Every structure is written in structure tokens, then in C-alpha cells.
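Quick notes on the structure that follows.
The structure displayed is predicted, hence computed values, not measured ones.
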Amino acid sequence: MSSQRDRFLSLAIRAGALKFGEFTLKSGRVSPYFFNAGEFSSGEALATLGSLYADALVKMDAPFDMLFGPAYKGIPLVAVTAAALYTEHGLDVPYAYNRKEAKQHGEGGTLVGGAVRGRVAIIDDVITAGTAIVEAIDLIRAAGATPSAVAIALDRQEVAGTDESRSAIQKLEQAHGLQVTALATLDNLIDFVDRDNSAAGRLEALQAYRERYGLAALE
């Protein structure tokens, strides 16, 4: 596994964004882990995340002219990513984000930040059902721009539903022709835990969950 993936997973566990135990998800599935990007709430955590997202974007084979962060968790993520692209890669690109409700005074509207134009990379935390990303895609296209890529923190690599053979990410890629990259995947997490001597008992639960709900079970 790349050191960048290890760096992200170590940060996520240290910040409490990645927890282990038994968690009932919206889907009703009982997961042995839970990810909440809202726990990245310190300057160090955000600076590191921005660096990781920027590095992932630069390595993608998907050109972009600006960044977009869906409300709400995508807003701080897109800001720190734009800053890291400039400080670490010399790329000065604008960013924008949306409000959940249109503002009726001042500048008005739902979009904030740079003018949405050109090829747009979307920055968010996870893709579960894909609803927030699809809404972002619609906003970007309505502004006359082209969504070109999506970068997320964690890919759970599980089928979207009992009658599905694809993940939410695969459905998004196929429906909208977008390339999606993740800072880490469930496979990466399992490999990371397997190498962690302090993670006794977690490995078997993660492997069982992947066997039951993961895409690998369908191959």
C-alpha cells in the first residue's frame, strides 16, 4: 500500500474519524467500522487532508480547471485542497461550493466562491447513495461547466443494494462518465489493520463484512 494511504488511515484513526465496533448504517447493515469526516476538526488534520486530496488529484488522469465542494462536509475539504494544490503543486485553481438553501439577499443564489466554469473536480468525504454528488453534478452542469472527476476520502467498496452488483461509485462512474479516486478503500483498510499489531479482533470482522457485502464477493 502506498505511504499516502497509510498516512490517511493513520490520521483518520487518530482523529476519531475512523472507528471500529458495531455500527448500524442507514442501509440497515451492521458495519464493523464507521467513518465520519466531521471528526477531522483540527488544523493539523485539515492541513494533512488537503495535502492528501491535492496529491490524489494531481495523480488522476482527469484534467480540472477548478474544484467544487458539496455542502456541507465538502466545503472545508475543497478549501484545504485548493490551498494545498497551490502550496505543494504550484496550481492556483479557484473553488466553489453550494448552500443547501438559496440565499435571498446579498449575492443570492446557492453557489458561493469562484465562478463555476470549465472542467470541475468534485471533493467530498464518502459516496454512500451518491445523492450529494449527483446534486453537485447537476449544479455544475446547470452553470455551464463540466464535471470531470470526483475525489473522496474513503471507498467502502460494497454493493449499493441487495439487487445490485455495483457499488454507488461504480454506478456514478458509469452513469456520468466520471473518474472517481479515493484516498483509501476497504481493501486498503483491511491491509492496514492486518499490519497493525494493536488491531487484534478487527481484521476478522472487516474480512467478514467484505465477504458479505463487498464487491470482491461478486468476482
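Without hydrogens or angle criteria, E173 side chain to V180 main chain gives a donor-acceptor distance under 3.5 Å. At least one donor-acceptor pair closer than 3.5 Å links the side chain of Q157 to the backbone N or O of L186. With hydrogens and angles disregarded, a donor-acceptor distance shorter than 3.5 Å links the side chain of Y53 to the backbone of D124. The backbone N or O of S167 sits less than 3.5 Å from a side-chain atom of Q170, completing a donor-acceptor pair. Of the possible donor and acceptor atoms, none in the side chain of R166 sits under 3.5 Å from a partner among the backbone N and O of V159. In this structure, E158 contributes its side chain and R210 its backbone to no donor-acceptor pair below 3.5 Å.
Counting only heavy atoms from C-beta outward, the side chains of T146 and I140 never approach each other to under 4.5 Å. Looking only at side-chain heavy atoms (C-beta outward), L49 and L11 come within less than 4.5 Å of each other. Residues L189 and L206 form a side-chain contact, since some pair of their non-hydrogen atoms from C-beta on lies under 4.5 Å apart. Between F192 and I13, some side-chain heavy-atom pair lies under the 4.5 Å cut-off.
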>> Is there a side chain to side chain contact (heavy atoms under 4.5 Å, CB included) between V80 and L46? Walk through the geometry before answering.
In response: CA-CA 7 Å; V80 295; L46 286 173; 4.0 Å; yes

>> Using side chain to side chain donor-acceptor pair (under 3.5 Å), reason through E88 and S51 one step at a time and then give a plain yes or no.
In response: CA-CA 8 Å; E88 298 181 18; S51 175; 2.9 Å; yes

>> Evaluate K73 against N36 for side chain to side chain donor-acceptor pair (under 3.5 Å), listing each step before the verdict.
In response: CA-CA 10 Å; K73 289 180 182 175; N36 176 17; 2.8 Å; yes

>> Using the rule given for side chain to side chain donor-acceptor pair (under 3.5 Å), can you reason through T185 versus N188, listing the C-alpha separation, both sets of side-chain angles and the distance that settles it, and then say yes or no?
In response: CA-CA 5 Å; T185 67; N188 299 146; 3.1 Å; yes

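Counted within 6.0 Å of CD on E22, heavy atoms from surrounding residues, nucleotides or ligands total 12 or fewer; the atom is thus considered open.
Residues A121 and S148 come closest through the heavy atom pair N-OG, 4.0 Å. When every heavy atom of F35 is checked against every heavy atom of A153, the shortest pair comes out as CZ-CB, 3.8 Å. The two residues V78 and A96 have their closest heavy-atom pair at CG1-O, 4.2 Å. The two atoms that bring V120 and A145 nearest to each other are CG2-CB, 3.8 Å, heavy atoms only.
By the salt bridge (Lys or Arg N to Asp or Glu O under 4.0 Å) test, E135 pairs with no residue at all, sequence neighbours left out.
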Show every donor-acceptor pair shorter than 3.5 Å between a side-chain atom in residues 56-68 and any protein atom, with sequence neighbours excluded, or say none if there are none.
unit_1	atom_1	unit_2	atom_2	d
K59	NZ	D55	OD2	2.9
D65	OD1	R119	NH2	3.0
D65	OD2	R119	N	2.7
D65	OD2	R119	NE	3.0

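Screening residues 3-27 for ring pair (Phe, Tyr, Trp, His ring centres under 6.0 Å) gives F23-F34 as the qualifying pairs, with residues at least two apart or on separate chains.
In this structure, R156 forms a cation-pi arrangement with Y33, its terminal cationic atom sitting closer than 6.0 Å to the ring centre and no more than 45° off the ring axis.
Under the 4.5 Å side-chain heavy-atom criterion for grouping Ile, Leu, Val, Met, Phe, Trp and Tyr, L77 is connected to L91 within one hydrophobic cluster.
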